[in-house]
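Order of listing sets the numbers, starting from 1, for every ligand and every atom in it. Here, residue 1 is the first one in the sequence, and each next residue gets the next number.
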Amino acid sequence: MPYLKRFIYIVMLIKSLCAVENNFPPLKNDNLLRAARGEPVDRVPVWVMRQAGRYLPEFQEVRKLHDFFTVCRTPELACEVAMQPLRRFDLDASIIFSDILVIPQALGMTVEMHAGVGPVFPEPLQTPSDLAKLTPEGAVGRLTYVGDAITMMRHKLEGRVPLIGFTGAPWTLMGYMIEGGGSKTMSKSKAWLTDFPVDSKRLLGMLTDAIVDYLEMQTKAGAQLLQIFESSAEHLSKEDFLKWAVPYIKEIRDKLVERLQQQSIPLVPLTLFAKGAGHSLKEQATLGYDIIGLDWTVDPVEARKQVGPNITLQGNLDPQDMYKTPEEIRALTTEMVRKFGKQRYIANLGHGITPQTPIVSMEVFVDAVHKAL
Ligand code: 1CP
């Protein structure tokens, strides 16, 4: 029996190492990864949150034929839409097409995408007794389609640019699961934090464990950088952010490091994007993340002072600036890049690109980043 166990262990180890290698084509443009590691870059790398999305007519065409989550669950379709922005723009990274809400789905919740509304949970969590309905066992096994899409995308990219994987962070996912969709106030989720602190911790812990499994799986599938979206940090006070978001974000990184070390799998760079948490950059810089994403409310020079020299910053043009004239976009982008500087910097918007953004704005933004320095 011990021999059988050892044999299975060795087979699994070889399998996981092969998965990491996977014979992917060599990387031609590694500026993103070099920026993440603090190495010199040929040019400032740029990508855009939601770069595959509704502002692209070719994305709309795919969506006319297929439901949103069908696109996420079908690796060919997920790769096709992830490739779309790369065909148009000289981007330095690709991001796998998926959504943060696939984790609540894997935990047994129904999530629908309603046109013009966004995500809707027909049966959100109403009271702590609803936690019993969640199915954390084997959750990552219900997300293998994301790993399959990542592996396929690495091959389709032919080494052109690195591939980013991502997840929602626990507080943000908890918010969607309780509110039943996007919310302007997060009032129900905040009420959970005060009325049911023990159950809130249980839910956040359950999400943390699922996220660690999910990021491990994405790394093995071939993701070259991982971004954690704590998009709903903006609803928390500094005190609550440090209490209800930060410990889980730290735990995710610590557990992932340990898990990958045990299997001798190299850790990829990690980005923390906590929207609206510019009040806690110093604290964010202590969590072991390589890159900190900034929204547009944060001044680049001030952010650098707060995080110190050993962290890469990402961001942070206001997505609404993309509705300005090409001349204005170029001027604002150039100014932004010059404030951040060439080292340890990844250009991006300060949040996702919005659906009505003109295509020409993206062209100008990407070009202005590359020409700024
Ligand atoms: O009908 C459609 O086509 C829906 C539009 C859409 C798209 C293109 C949604 C619904 N999700 C996505 C893709 C998506 N979502 C990506 C793809 C990769 C990329 O190109 O960047 C990513 C990274 C996300 C992440 C995501 N989903 C976040 C975190 C980032 C952020 O914007 O803060 C959040 C909060 C979601 C939830 C979600 N999914 C979709 C919408 C419209 C929303 C936000 C809803 C709301 O809060 O009101």
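Between the Q84 side chain and the E58 main chain, a donor and an acceptor come within less than 3.5 Å of each other. T286 places a side-chain N or O within 3.5 Å of a backbone atom of E283 that can act as its donor or acceptor partner. No donor-acceptor distance shorter than 3.5 angstrom exists from the side chain of N316 to the backbone of D318, with no hydrogens or angles considered. A distance-only check finds a donor-acceptor pair linking the side chain of Y345 to the backbone of G315 [under 3.5 Å]. Of the possible polar contacts, none joining the N29 side chain to the R160 backbone as a donor-acceptor pair under 3.5 Å is found.
The distance from ligand 1 to the heavy atoms of G182 drops below 4.0 Å at these ligand atoms: 46 (C), 47 (O), 48 (O). Counting the atoms of ligand 1 from 1 in the order shown, those under 4.0 Å from a heavy atom of S231 are 29 (C), 30 (C), 31 (C), 33 (O). For ligand 1, the atoms sitting less than 4.0 Å from at least one non-hydrogen atom of S98 are 13 (C), 14 (C), 15 (N), 16 (C), 17 (C), numbered in the order shown with element in parentheses. Of all the atoms in ligand 1, the ones that sit under 4.0 Å from a non-hydrogen atom of I96 are 18 (C). If you number the atoms of ligand 1 from 1 as listed, the ones under 4.0 Å from a heavy atom of F59 come out as 3 (O), 8 (C). Residue M49 approaches ligand 1 through these ligand atoms, each under 4.0 Å from one of its heavy atoms: 21 (O).
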Problem set entry | Evaluation steps, side chain to side chain donor-acceptor pair (under 3.5 Å), between E39 and Q343 | CA-CA 7 Å; E39 296 166 8; Q343 295 310 306; over 6 Å; no
Problem set entry | Residue pair V366, E363: steps toward the side chain to side chain contact (heavy atoms under 4.5 Å, CB included) verdict | CA-CA 5 Å; V366 172; E363 289 166 356; over 6 Å; no
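Around NZ of K238, the count of heavy atoms belonging to other residues, nucleotides or ligands within 6.0 Å exceeds 12.
I100 CG2, 3.7 Å is the protein heavy atom nearest to atom 25 (C) of ligand 1. Atom 7 (C) of ligand 1 has as its closest protein heavy atom F68 CE1, 3.5 Å. Of the protein's heavy atoms, R63 NH2, 2.6 Å lies nearest to atom 1 (O) of ligand 1. Counting protein heavy atoms only, atom 39 (N) of ligand 1 is closest to D99 OD1, 2.8 Å. Considering only non-hydrogen protein atoms, atom 41 (C) of ligand 1 sits nearest to P119 CD, 3.7 Å. For atom 10 (C) of ligand 1, the nearest protein heavy atom (residue, atom name, distance) is M113 CE, 3.3 Å. In this structure, the protein non-hydrogen atom closest to atom 35 (C) of ligand 1 is Y176 OH, 3.1 Å. At the shortest separation from atom 5 (C) of ligand 1 among protein heavy atoms lies R54 NE, 3.4 Å.
Using a 4.5 Å heavy-atom cutoff, the side chains of H66 and T74 are not in contact.
Between W47 and ligand 1, no N or O atom pair is found at a separation short of 3.5 Å. The N/O atoms of A52, backbone and side chain alike, include one that comes under 3.5 Å of an N/O atom in ligand 1. When only interatomic distances are considered, the shortest N/O to N/O separation between T172 and ligand 1 does not fall below 3.5 Å.
Proximity of K275 to ligand 1, defined as any heavy-atom pair under 4.0 Å, is not found for any part of the residue.
Taking the six-membered ring for Trp, F166 and F97 have ring centres at least 6.0 Å apart.
Checked options E234, E230, H235; the residue passing with T172 is E230 (criterion: side chain to side chain donor-acceptor pair (under 3.5 Å)).
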